[in-house]
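Okay, so here's the structure we're looking at.
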Protein chains: 2
Amino acid sequence: MTDAQKWVERFPGLSRLEPTIKQVLLSRSAIIEVPKGVTIFGPGNSPENMLFLLDGTVRVQQVSDTGHEIVLYRIQAGESCVLTTACLLAFENYSAEGISETAIQAAAIPREVFDQLVSQSKSFRDFVFAAFSKRITDLFLMIDEVAFQRLDVRLADKLLSLSDGQDTIITTHQKLSVELGTAREVISRQLQEFQRRGWIEQARGSVSLLDRARLEKLADHNS
Amino acid sequence: MTDAQKWVERFPGLSRLEPTIKQVLLSRSAIIEVPKGVTIFGPGNSPENMLFLLDGTVRVQQVSDTGHEIVLYRIQAGESCVLTTACLLAFENYSAEGISETAIQAAAIPREVFDQLVSQSKSFRDFVFAAFSKRITDLFLMIDEVAFQRLDVRLADKLLSLSDGQDTIITTHQKLSVELGTAREVISRQLQEFQRRGWIEQARGSVSLLDRARLEKLADHNS
DNA sequence: AGTTCTTGGTGACATTGTCACCAACCTGGG
DNA sequence: CCCAGGTTGGTGACAATGTCACCAAGAACT
């Protein structure tokens with residue numbers, strides 16, 4: 001068995017499953033690979049399978065009927081798409097879409113296998129309900145931030161989380177505005193202010209963090 | 001068997017369950033009544049049971065650490081609290097709370113019975129996952145509205161949905177501001193503008209809708 | 001009548017969103 | 001090489017919304 005085929009062990013919530021359940025997951029799943037930038041699910045494109053993300057990142061975002069876009073959340077390696085997939089199956093006419101932000105590797109399991117596992121395994125049920133619960137509470141937090149948090153605080157926070165250890169973020173003002181659900185001009189002004197304070201440095205298509213401590217202080221202070 | 005004890009038939013998603021499953025729901029549930037204005041679940045108060053709301057309304061809202069409040073959604077008769085309850089059990093430190101907006105009547109089932117039903121009945125699974133999915137897609141819509149919709153549109157929409165057929169809404173500017181996650185002053189100004197246009201009439205503690213058609217046009221136009 | 005709380009009004013100002021427009025840069029084709 | 005068109009970012013004016021401080025009228029209670 002290859003490394004990818006032992007994928008169940010890589011999921012914190014799945015590694016404690018009963019051995020027979022793990023065996024079902026492994027034997028009835030297919031490892032798939034998707035290149036960067038592909039719309040994995042979206043309007044008019046609901047997948048047949050539920051995905052468990054082994055490597056890479058999926059960005060879930062939404063386009064408003066006013067033309068505005070906003071990033072809702074990301075699915076990282078070790079997480080599953082069950083909730084988003086389930087939502088798609090339940091409501092075809094929703095407006096969210098999932099895009100591979102990097103090349104990704106995932107384990108795909110058919111819906112009926114998913115249903116069978118939910119029925120047979122208490123551990124698997126707990127895993128699924130925990131995923132749903134985490135998603136809903138995260139959405140509560142996001143509503144709170146969008147409604148009440150100042151934009152400079154949200155931008156500092158987003159820069160830090162996008163940097164992921166690196167000091168330079170490859171992105172554009174436009175993409176940052178979609179992250180926060182605001183307008184490009186607003187991002188440009190805020191970044192100018194951060195640059196004026198010496199916290200960041202800008203180049204075309206990238207932002208470099210010069211003073212993480214100050215950014216963290218701003219991001220944490222009122223959060 | 002009293003009327004309240006046949007409650008399963010009143011749930012669109014439950015009435016199609018297998019008879020044996022219905023029997024478990026009926027026999028293992030307790031009918032409870034809660035007066036208006038009680039915090040049913042909230043920080044430091046996660047209930048032991050999952051509730052199926054037979055009569056009344058539960059308002060779910062959130063208090064930000066900045067002191068701001070916003071109404072997230074309502075649970076109406078015929079809906080269940082499973083998702084919110086599940087969230088509470090999973091994450092004790094969340095900030096949302098559920099308050100009885102009217103006197104309510106509900107069927108309470110213990111967690112282990114819920115788990116047993118999810119395991120045994122495909123129909124019940126479908127009901128539960130549909131409830132989760134509906135909630136998540138509704139939250140997506142709410143994020144879109146909070147982030148991108150103009151306040152006059154949101155207020156017109158909220159007035160219409162709160163009116164519920166009546167022409168006079170008993171509420172205060174303060175309560176309306178919590179509904180939309182904004183400030184009281186903003187509500188006061190918008191209501192003044194609506195009044196100036198002759199769409200509504202205000203009194204202390206109430207708002208009367210004079211021109212539903214215009215309000216609907218504003219609410220629908222960009223939604 | 002007097003006190004206190006609730007409800008709503010107001011003006012000044014800060015923050016954020018929108019619009020129109022421009023300049024610099026990049027890319028691909030002739 | 002030069003040019004055309006797309007991308008990226010900057011700017012100013014203005015509109016919409018949020019914040020703050022304060023006030024006034026009504027309601028509730030003694």
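Since the structure is predicted, the reported quantities are computational estimates derived from the model, not experimental observations.
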Can you pull the salt bridge (charged side-chain N to carboxylate O under 4.0 Å, His left out) pairs that have at least one residue in residues 166-181 of chain A, sequence neighbours excluded? R74(A)-E179(A), K158(A)-E179(A), D167(A)-R212(A)
Taking all non-hydrogen atoms of both residues, which atom of L180(B) and which atom of R154(B) are closest, and how far apart? O-NH2, 2.7 Å
Specify the separation, in whole Å, of atom [atom1] of [X] and atom [atom2] of [N].
| X | N | atom1 | atom2 | value |
| --- | --- | --- | --- | --- |
| I170(A) | dC26(C) | CD1 | P | 14 Å |
| Q149(A) | dT15(C) | CD | C1' | 14 Å |
| L151(B) | dT16(C) | CG | C1' | 13 Å |

Kindly compute the distance separating CD1 (I200(A)) from CZ (R214(A)), expressed to the nearest 0.5 Å. 14.5 Å
Tell me whether the NZ or CZ atom of R10(A) lies within the 45° cone about the ring axis of W7(A) and under 6.0 Å from its centre. no
In numerical order, the residues of residues 183-207 of chain A whose heavy atoms come under 4.0 Å of DNA chain D are R184(A), E185(A), S188(A), R189(A), Q192(A), A203(A), R204(A), G205(A)
Taking side chain as C-beta onward, heavy atoms only, is L159(B) less than 4.5 Å from L176(B)? yes
Taking any atom closer than 4.0 angstrom to a non-hydrogen atom of chain A, what span of DNA chain D does the protein reach, first nucleotide to last? dT7(D) to dA13(D)
Apply side-chain hydrogen bond (donor to acceptor under 3.5 Å, both in side chains) to E33(B) and list each qualifying residue two or more places apart in sequence or on a separate chain. Q105(B)
DNA chain D: 5'-proximal contact among H173(A) and H68(B) (nearest heavy atom): H173(A)
Once side-chain contact (heavy atoms from CB on, under 4.5 Å) is applied, do any residues pair with Q190(B), and if so which ones, sequence neighbours excluded? L151(B), D152(B), L155(B), F194(B)
The ring-ring contact (aromatic ring centres under 6.0 Å, His included) partners of F148(A) (sequence neighbours excluded) come to H68(B)
